[in-house]
Amino acid sequence: MDLNSDVGESFGNWTFGDDASIIGSVSSANVACGFHAGDPAGIRATCSAAATAGVTVGAHPGYRDLAGFGRRFIDVDPGELTDDVIYQIGALQALARAAGTSVQYVKPHGALYNTIAVHERQARAVVRAVRDVDDALPLLVLPGSVIETEARSAGLRTVAEAFADRAYQPDGALVSRREPGSVLHAEAEVVEHVLRMATDGEVVAIDGSRIRISPESICVHGDTPGAVAMAAAVRRALVSAGVDVRAFA
């Protein structure tokens, strides 16, 4: 099982998350590309930390929305979105190379991730961007989403993702961050949630129903309270349960 986390999101004088500590617990690092967060120096430093730790680097492109941290939907022209994603992947490729590593996959960020789960035109725009850059790059996706279908139709490898600290709707969608109970904060609850997904292949939805799920990668967010301890606890629990934690790419 792969463990991934969003990193490289500090900007200028604003520090966001403890990248070095999070990187010590995960196998894949989704590195911000500058549009929703991150600056060149911080992005390069994050890539360098990942390279030193033997952690795989992935591009984490989002909407052009620094003020909203990429968590607001933008009705962008599909052609423009394709170019924006290409630009972000390319920037990260250069900084990763300078740091002694390389970009091995793509995981869209925030509102873009949620939008392409249901929005065909934007999903196709993101697929087009990945294909235009390198059609060998896998794409991390929400299972059963529009982007999963579009990517597979275009010949891209998709990697099903689940979330360690997010609640699920009965249909398998994530509970909106605007809703109460959308983010799990208790370490024990998160660990139980992850173990159920990794070993039993299911998740308990917010209404108590059970959903079948077969993730190849589990995301541990680095910006939630207690994220560092939570990520470490999740990894320990998986290893104790006999789950081999390693990158998918």
Side-chain angles (χ1 to χ4, degrees), residues 4-9 11 16-17 28-39 43 46 57-93 103-135 137-154 156-163 165-166 168-169 172-179 182-183 217 219-224:
N4 76 78
S5 190
D6 305 341
V7 292
E9 294 177 324
F11 187 83
F16 199 78
S28 297
N30 318 315
V31 183
C33 301
F35 272 29
H36 80 275
D39 59 43
I43 291 169
T46 300
V57 168
H60 198 39
Y63 287 128
R64 192 190 297 263
D65 182 26
L66 279 175
F69 197 68
R71 287 182 174 163
R72 302 179 293 190
F73 168 72
I74 297 178
D75 189 14
V76 60
D77 175 81
E80 182 179 345
L81 179 57
T82 293
D83 291 341
D84 280 355
V85 173
I86 290 172
Y87 184 97
Q88 291 176 81
I89 297 172
L92 184 64
Q93 284 178 323
V103 174
Q104 295 296 316
Y105 66 93
V106 177
K107 177 190 170 180
H109 164 81
L112 179 58
Y113 183 98
N114 293 331
T115 297
I116 61 179
V118 296
H119 194 296
E120 289 185 2
R121 293 182 72 209
Q122 290 204 7
R124 289 174 188 148
V126 171
V127 167
R128 190 177 309 116
V130 175
R131 288 191 66 196
D132 286 349
V133 173
D134 183 352
D135 62 10
L137 290 173
L139 193 58
L140 266 175
V141 298
L142 194 67
S145 60
V146 169
I147 184 65
E148 182 180 57
T149 300
E150 293 292 337
R152 287 179 176 176
S153 295
L156 295 180
R157 176 189 172 192
T158 60
V159 176
E161 179 181 34
F163 291 82
D165 55 359
R166 293 294 302 277
Y168 281 76
Q169 299 280 12
L174 297 177
V175 175
S176 169
R177 284 181 179 268
R178 301 184 185 90
E179 300 296 325
S182 63
V183 179
S217 183
C219 177
V220 183
H221 283 114
D223 59 344
T224 52

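Heavy atoms only: backbone and side chains are in, while hydrogens, waters and symmetry mates are out.
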Point-to-point distance, once rounded to the nearest 0.5 Å, from [atom1] of [X] to [atom2] of [Y]:
X	Y	atom1	atom2	answer
Ile89	Asp134	CD1	CG	9.0 Å
Asn4	Leu140	CG	CG	5.5 Å
Ile147	Tyr113	CD1	OH	10.0 Å
Leu156	Leu139	CG	CG	6.5 Å
Arg128	Asp83	CZ	CG	9.5 Å
Ser153	Glu148	OG	CD	10.0 Å

I'd like to know if the side chain of [X] reaches the main chain of [Y], judged simply by a donor and an acceptor atom lying under 3.5 Å from each other, with no hydrogens or angles considered.
X	Y	result
Gln88	Gly62	yes
Ser217	Glu161	no
Thr82	Ala125	yes
Glu150	Val146	no

- Query: When you look at CZ of Arg121, are more than 12 heavy atoms from neighbouring residues, nucleotides or ligands closer to it than 6.0 Å?
  - Reply: no

- Query: Should we say atom CZ of Phe16 is surrounded by more than 12 heavy atoms from elsewhere, each under 6.0 Å from it?
  - Reply: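 Result for CZ/Phe16: enclosed.
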
If you compare all heavy atoms of [X] against all heavy atoms of [Y], which two are closest, and at what distance to 0.1 Å?
X	Y	answer
Ala32	Gly8	CB-O, 3.4 Å
Ser176	Ser182	O-CB, 3.0 Å
Ala59	Val103	N-CG1, 3.8 Å
Ile43	Gly34	CD1-N, 4.0 Å
Pro108	Val126	CG-CG1, 4.2 Å

How about [X] and [Y]: do any of their side-chain heavy atoms sit closer than 4.5 Å?
X	Y	result
Val76	Gln122	yes
Arg71	His36	no
Glu9	Phe69	yes
Cys219	Lys107	yes
Leu112	Leu81	yes
Pro61	Val106	yes

- Query: With no hydrogens and no angle check, do the side chains of Asn30 and Tyr105 hold a donor and an acceptor under 3.5 Å apart?
  - Reply: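 There is such a pair between these side chains.
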
- Message: Using the rule given for side-chain contact (heavy atoms from CB on, under 4.5 Å), can you reason through Val175 versus Tyr168, listing the C-alpha separation, both sets of side-chain angles and the distance that settles it, and then say yes or no?
- Response: CA-CA 5 Å; Val175 175; Tyr168 281 76; 5.6 Å; no

- Query: Residues two or more places apart in sequence or in another chain: which of them pass ring pair (Phe, Tyr, Trp, His ring centres under 6.0 Å) with His221?
  - Reply: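 Ring pair (Phe, Tyr, Trp, His ring centres under 6.0 Å) list for His221, sorted by chain: Phe163.
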
- Query: With sequence neighbours left out, what residues match Gln104 under side-chain contact (heavy atoms from CB on, under 4.5 Å)?
  - Reply: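 Expected list: Thr56, Ser102, Ala249.
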
